[in-house]
Amino acid sequence: MSNPGQKVVLITGCSSGIGLRMAVMLAKDEKQRYHVIATMRDLKRKDKLVEAAGDAYGKSLSLAVLDVCTDESVKQCINGIKDRHVDVLINNAGIGLVGPVESISIAEMKSVFETNFFGVIRMIKEVMPDMKKRRGGHIVVVSSVMGLQGVVFNDVYAASKFAMEGFCECLAVQLLKFNVTMSMIEPGPVHTEFESKMIQDVRQKEFPGADADTVNYFKNVYLPSSVDIFETLGQTPDDIARVSPPVIEQGSSARFRNLTNPLYTPIVALKYADETGGLSVHAFYHMLFNLGPLMHVSMKAMQYLTCGCLRSRTVSPN
Ligand SMILES: NC(=O)C1=CN([C@@H]2O[C@H](COP(=O)(O)OP(=O)(O)OC[C@H]3O[C@@H](n4cnc5c(N)ncnc54)[C@H](OP(=O)(O)O)[C@@H]3O)[C@@H](O)[C@H]2O)C=CC1
Ligand SMILES: CC1=C(/C=C/C(C)=C/C=C/C(C)=C/C=O)C(C)(C)CCC1
């Protein structure tokens, strides 16, 4: 139960990664400003969260079952909250998908959209009407830099995040009229199960339907570069979680887009430097196919030069 004055914050996908760390950070807030309802689709996966929450579990943090892919689960969860009152909804649950489009079934693509796009919309549709009635609330979406700039071989995942960006951009304007704020958090690569699931998934697959050249480019050109980029630019889930308290506290003056990784920002900014789109398409082609091995060296150099000191400046929580 929340104390008077505490904001009720509901987070989706708290069994691991960014959602787990956000739940813990908000529940352990020094000023006790939040009551966190940490949700996950399978409570058997609660142990890591409960352990990390420590004393906060059962006090400023409670658990609830929620699968963003089913209407009944979402309704049941929200109906189980006192007066259905949610001050801040953090849409974090999401899944990745990489690989040549030819080898991905339409069913697999739909499941990415079902979670990353319709899952968020299902949550918003359940919570937003009450927020509009109360003339207050905050909807936060953990999107991605891939919702702003596509990355080769991430076609469907990026499309699901682009779809979310478009949806939220439209809704943000209407919500402003009702004093409801919409904020996007846009991480670059983050070391979570998202990364390990991707690596495991790729190891298991044989990519039926894709030609040998494409599979070769994916496995031997893209994947090593992607691993380098995770190694060099990757943030921790805590880096992303640290962005959430200031975003929530800024309320109606919170920024709409919150990029978390200044080292990745120039990659996103390329598209705004040339409205024809040619610059980013050709720059990425060059980086991947011509500079691939060189990029490996320069990434290593960058890692060495930044020595972690830039990493510690990547998030400005206050
Ligand atoms: N890691 C990265 O590099 C980046 C991640 N992001 C985004 O961050 C968000 C969190 O991902 P991250 O923490 O990295 O990855 P994790 O895989 O660690 O966490 C994803 C969470 O989403 C949950 N989830 C998946 N499907 C559903 C569902 N149908 N209903 C409820 N929960 C579900 C998972 O639960 P379960 O345990 O049941 O599978 C898990 O708790 C995602 O939206 C992702 O797109 C954005 C940019 C970069
Ligand atoms: C290979 C490659 C790239 C890869 C970027 C990656 C791998 C980004 C990952 C982002 C993630 C994981 C977001 C999750 O939502 C660049 C930098 C575009 C440059 C061209 C070559």
Side-chain angles (χ1 to χ4, degrees), residues 11-23 38-46 48-49 64-70 73-74 77 90-98 111-112 114-120 122-123 141-154 157-158 160-162 164 184-198 200-201 217-218 221-241 259-261 263-264 266-268 270-271 280-292 295-296 299:
I11 311 175
T12 65
C14 294
S15 65
S16 64
I18 297 170
L20 186 155
R21 297 311 311 173
M22 274 185 178
T39 71
M40 60 186 74
R41 57 180 163 174
D42 182 0
L43 281 183
K44 284 193 210 98
R45 301 247 300 147
K46 71 175 191 306
K48 263 197 296 175
L49 172 67
V65 180
L66 195 159
D67 180 340
V68 299
C69 291
T70 76
S73 173
V74 169
C77 179
I90 304 186
N91 294 285
N92 162 75
I95 55 173
L97 183 64
V98 279
S111 86
V112 172
E114 195 48 60
T115 309
N116 297 359
F117 182 64
F118 292 111
V120 177
R122 194 172 277 114
M123 291 304 301
V141 176
V142 180
S143 179
S144 167
V145 289
M146 275 204 231
L148 304 171
Q149 170 63 62
V151 170
V152 61
F153 288 120
N154 285 268
Y157 174 74
S160 72
K161 294 291 187 179
F162 265 73
M164 208 55 252
M184 315 296 285
I185 296 182
E186 323 273 13
V190 186
H191 302 291
T192 64
E193 289 183 15
F194 183 95
E195 182 190 9
S196 44
K197 281 173 206 157
M198 176 192 78
Q200 204 184 340
D201 192 43
Y217 293 139
F218 174 59
V221 181
Y222 167 76
L223 281 180
S225 297
S226 168
V227 168
D228 277 350
I229 280 154
F230 263 93
E231 256 183 48
T232 321
L233 307 186
Q235 292 184 291
T236 66
D238 266 335
D239 288 333
I240 315 306
L259 278 94
T260 66
N261 191 335
L263 294 177
Y264 203 97
I267 297 171
V268 174
L270 264 189
K271 78 190 294 173
S280 40
V281 170
H282 292 284
F284 289 164
Y285 176 89
H286 189 58
M287 281 163 90
L288 191 66
F289 292 112
N290 299 334
L291 300 179
M295 201 162 80
H296 179 83
M299 284 287 171

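These numbers come from the heavy atoms of this one structure, side chains and all, not from hydrogens, waters or symmetry mates. Note that ligands are numbered from 1 as they come in the structure, with each ligand's atoms numbered from 1 the same way.
Under 4.0 angstrom from ligand 2, the non-hydrogen atoms of Tyr264 all belong to its side chain. If you look at Lys197 next to ligand 1, the close heavy atoms, those under 4.0 Å, all belong to the side chain. Of the heavy atoms in Lys161, only side-chain atoms (C-beta onward) come closer than 4.0 Å to ligand 1. At a heavy-atom distance under 4.0 Å, only side-chain atoms of Thr115, from C-beta outward, approach ligand 1.
The ring-ring contact (aromatic ring centres under 6.0 Å, His included) check on Phe162 picks up nothing, with sequence neighbours excluded. With sequence neighbours left out, the salt bridge (Lys or Arg N to Asp or Glu O under 4.0 Å) criterion links Glu114 to Arg122.
A side chain to side chain contact (heavy atoms under 4.5 Å, CB included) with Val141 holds for exactly one of Asn92, Asn116, Val120; it is Val120. For the side chain to side chain contact (heavy atoms under 4.5 Å, CB included) with Thr115, the qualifying choice from Ile95, Asp67, Thr12 is Ile95, the only one to do so.
Among Ser160, Ser144, Ser15, the residue whose heavy atom sits closest to atom 37 (O) of ligand 1 is Ser15. Compare Val190, Ile95, Val141, Leu20 by their heavy atoms: the one nearest to atom 2 (C) of ligand 1 is in Val190. For the residues Ser280, Ser226, Ala158, the heavy atom positioned nearest atom 7 (C) of ligand 2 is part of Ser226. The heavy atom nearest to atom 31 (C) of ligand 1, considering only Leu233, Ile240, Asn91, Leu66, is found in Leu66.
Under the 3.5 Å distance criterion, with hydrogens and angles disregarded, a donor-acceptor pair is assigned to the side chains of Asp239 and Thr236.
Of the polar atoms of Thr192, at least one N or O is found under 3.5 Å from an N or O of ligand 1, judged by distance alone. Residue contacts with ligand 2: Ser144 is placed with a nitrogen or oxygen under 3.5 Å of a nitrogen or oxygen of the ligand (distance criterion only).
For atom 29 (N) of ligand 1, the closest non-hydrogen atom on the protein side is Asp67 OD1, 2.9 Å. Looking from atom 47 (C) of ligand 1 to the surrounding protein, the closest heavy atom is Pro187 O, 3.4 Å. Remark: minimum distance from atom 16 (P) of ligand 1 to any protein heavy atom is reached at Ser16 OG, 3.5 Å.
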